[in-house]
Structures are given as C-alpha cells and as structure tokens.
Amino acid sequence: MREEIIEILQSVHPEVDYEVEDKLIDNRIFDSFDVVSVVSELIDNFDVEITAETMIPENFNSVDAIMNLIKRLEEE
C-alpha cells in the first residue's frame, strides 16, 4: 500500500522525498488542486470513499497519514 501511495504522490510532485516529508499540506507543497488529484487516484486505486469531512490537512500531510486514512476507510 505504501508504495502505491508514493507512486500516486510522485505523479503530482516527483521532486519530493515522500519517505521523510511529513508536512505536505502545512508546508504548502501540495495545494488544493494537488489534493483533489491525489484523492481521485486514491479512490480509484483503493476503492474507498473519501468524503469532504476526511479531506483535512492532518490526513494528507504524509504518506503515513494517507495510509492511515485509507486503512480506516477500508475498515468502515
């Protein structure tokens, strides 16, 4: 799952080191358009429903945060 998420993120910003970056939103690396692109790919790849309520910076600041979000959504 981690590698798939990194591939999705790299399609948006290939220059970022996603293994260490943990403030993708807070440091304004990703803007709202980037998040929408990532969310679309996550929905397609993991067959989850990402709602407006879950689209908060804390869920998209890092690979781990995104992975935890996907795991929670898969359990619902």
Side-chain angles (χ1 to χ4, degrees):
M1 175 187 293
R2 183 179 188 80
E3 294 306 315
E4 286 178 84
I5 293 170
I6 290 173
E7 284 179 28
I8 291 168
L9 297 175
Q10 285 176 332
S11 72
V12 177
H13 283 284
E15 74 283 2
V16 176
D17 183 353
Y18 295 103
E19 293 294 342
V20 296
E21 183 58 59
D22 64 355
K23 291 184 176 16
L24 294 170
I25 307 298
D26 294 345
N27 287 342
R28 295 188 167 91
I29 296 167
F30 277 34
D31 61 22
S32 57
F33 181 76
D34 296 330
V35 173
V36 169
S37 297
V38 167
V39 165
S40 175
E41 290 294 319
L42 292 170
I43 290 169
D44 289 346
N45 281 275
F46 296 102
D47 194 32
V48 292
E49 182 180 342
I50 298 175
T51 62
E53 293 82 32
T54 59
M55 291 182 66
I56 57 174
E58 294 80 23
N59 286 334
F60 293 93
N61 262 325
S62 68
V63 172
D64 288 338
I66 295 169
M67 199 164 55
N68 290 335
L69 171 64
I70 299 297
K71 285 179 182 177
R72 283 195 313 271
L73 293 173
E74 286 177 337
E75 290 172 4
E76 290 179 1

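Keep in mind that the numbers below use all heavy atoms, side chains included, and drop hydrogens, waters and symmetry copies.
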Given Val16 and Leu9, is the side chain to side chain contact (heavy atoms under 4.5 Å, CB included) satisfied, shown in steps? CA-CA 9 Å; Val16 176; Leu9 297 175; over 6 Å; no

State which residues pass ring-ring contact (aromatic ring centres under 6.0 Å, His included) with Phe30; sequence neighbours excluded, sorted by chain then number. His13

CG/Asp17: more than 12 non-hydrogen atoms of other groups inside 6.0 Å: yes

I need the minimum non-hydrogen distance between Ile25 and Phe60, along with the two atoms involved. CG1-O, 3.7 Å

Would you say Leu42 ends up clustered with Met55 if hydrophobic residues are merged whenever their side chains have heavy atoms under 4.5 Å apart, either directly or through other cluster members? yes

Let me see the working for Glu7 and Asn45 under side chain to side chain contact (heavy atoms under 4.5 Å, CB included), right down to the final yes or no. CA-CA 11 Å; Glu7 284 179 28; Asn45 281 275; over 6 Å; no

In one Ile/Leu/Val/Met/Phe/Trp/Tyr side-chain cluster, 4.5 Å: Val63, Ile56: no

Gap separating the CD1 atom of Ile43 from the CD1 atom of Ile70, nearest 0.5 angstrom: 8.5 Å

Test Ile66 against Ile8 for side chain to side chain contact (heavy atoms under 4.5 Å, CB included), laying out the working first. CA-CA 11 Å; Ile66 295 169; Ile8 291 168; over 6 Å; no

Any chance you could measure Glu3, atom CD, to Tyr18, atom OH, to the nearest 0.5 Å? 13.5 Å

Under 3.5 Å donor-acceptor, Asn61 side chain and Asp26 backbone: yes

Would you give the length of the straight line joining atom CG of Leu24 to atom CD1 of Ile29, rounded to the nearest 0.5 angstrom? 5.5 Å

Where do Glu74 and Val48 come nearest, in terms of heavy atoms and distance? CG-CG1, 3.8 Å

Which atom of Met67 lies closest to which atom of Ile5, heavy atoms considered: CA-CD1, 3.7 Å

Heavy-atom closest pair (Asp34 atom, Asp31 atom, distance to 0.1 Å) is N-OD1, 2.8 Å

Any side-chain heavy atom of Glu4 sitting closer than 4.5 Å to one from Glu41? no

Interatomic spacing from CD in Glu15 to CD in Gln10 - rounded to 0.5 Å: 10.0 Å

Report the distance from atom CD1 of Ile6 to atom CE of Met1, rounding to the nearest 0.5 Å. 12.5 Å

Can you measure from CD1 (Ile50) to CG (Asn59) and round to the nearest 0.5 angstrom? 9.0 Å

May I ask you to test the Thr54-Arg72 pair for a side-chain heavy-atom distance under 4.5 Å? no

